[in-house]
Amino acid sequence: MSHDCDIDHVVVPGTFDPITYGHIDVVRRARRFCPSVTVGVAASMDKNGSGPVFSLEARVDMAREALDAAGVRDGVDVRPFEGLLVDFCREVGASAVVKGLRATTDFEYELQQADLNCRMAPDIESIFVMSSPEYGYVSSSIVRELASLGGDVSLLVPPCVKRRLHDLYS
Ligand code: PNS
């Protein structure tokens with residue numbers, strides 16, 4: 001029995017403040033099952049209600065550079081967006097959102113977002129990938145905290161991001 005898959009373009013959204021090895025892993029894995037992946041860098045507030053520390057332009061630049069350096073290039077586009085994620089999905093022609101799930105602490109927030117997105121746009125699917133064990137503890141906020149305290153972030157972010165963090169906090 002043949003089966004046509006109608007999801008050929010997905011959005012991997014996030015604040016990417018900054019992009020980490022965990023995010024790169026999610027984009028790489030999304031690309032394994034989907035020919036076209038748009039990484040959507042959200043302009044707006046982060047989930048704690050405070051604004052990102054890096055400008056939108058810097059977050060987009062870092063994401064492009066980091067994915068390029070990791071060899072995650074073909075079929076992958078990085079774009080900024082403002083407003084609703086579901087509107088951005090429609091704008092780029094994506095029919096699903098892919099996000100990474102780390103611990104159970106991510107679950108409630110992600111379920112709430114997915115529920116809301118589903119109410120607004122039932123045609124857009126939410127797909128979750130479990131974070132790889134080596135990145136389960138990696139988050140942008142941990143990276144920022146570590147960098148601001150002078151800790152080594154080499155295991156968490158690629159060199160291009162490490163440089164920007166150094167510039168920001170030195
Ligand atoms: O990296 P994050 O903070 O987990 O990413 C959250 C993000 C940017 C994916 C989420 O806040 C989002 O989708 N923002 C766009 C606005 C929107 O559509 N919000 C959901 C319905 S109110």
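When a ligand or atom number is given, it counts from 1 through the structure's own listing order.
Look at E110 and R102 and you find no salt bridge, because none of the NZ, NE, NH1 or NH2 atoms lies under 4.0 Å from a carboxylate O. Salt-bridge annotation for D106 and K99: absent, with no side-chain N of the basic residue lying under 4.0 Å from a carboxylate O of the acidic one.
For Y109, the closest heavy-atom approach to ligand 1 falls below 4.0 Å. Ligand 1 has at least one atom lying under 4.0 Å from a heavy atom of G83.
Every atom of ligand 1 is numbered from 1 in the order shown, and the set under 4.0 Å from a heavy atom of A42 is 8 (C). Numbered from 1 in the order shown, with element, the atoms of ligand 1 that lie under 4.0 Å from a heavy atom of L116 read 21 (C), 22 (S). Residue L84 approaches ligand 1 through these ligand atoms, each under 4.0 Å from one of its heavy atoms: 17 (C), 18 (O).
Of the N or O atoms in T15, one or more lie within a sub-3.5 Å distance of an N or O in ligand 1. Checking only distances, G14 never comes within under 3.5 Å of ligand 1, N or O to N or O. Checked against a 3.5 angstrom limit, the closest N/O atoms of H23 and ligand 1 fall outside it.
When every heavy atom of R90 is checked against every heavy atom of I124, the shortest pair comes out as CG-CD1, 4.2 Å. H23 and S140 get closest at one heavy-atom pair: CE1-OG, 3.3 Å. The two atoms that bring V41 and L56 nearest to each other are O-CD1, 3.7 Å, heavy atoms only.
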Worksheet entry | Stepwise side-chain hydrogen bond (donor to acceptor under 3.5 Å, both in side chains) test for D17 and T15 | CA-CA 6 Å; D17 189 36; T15 310; over 6 Å; no
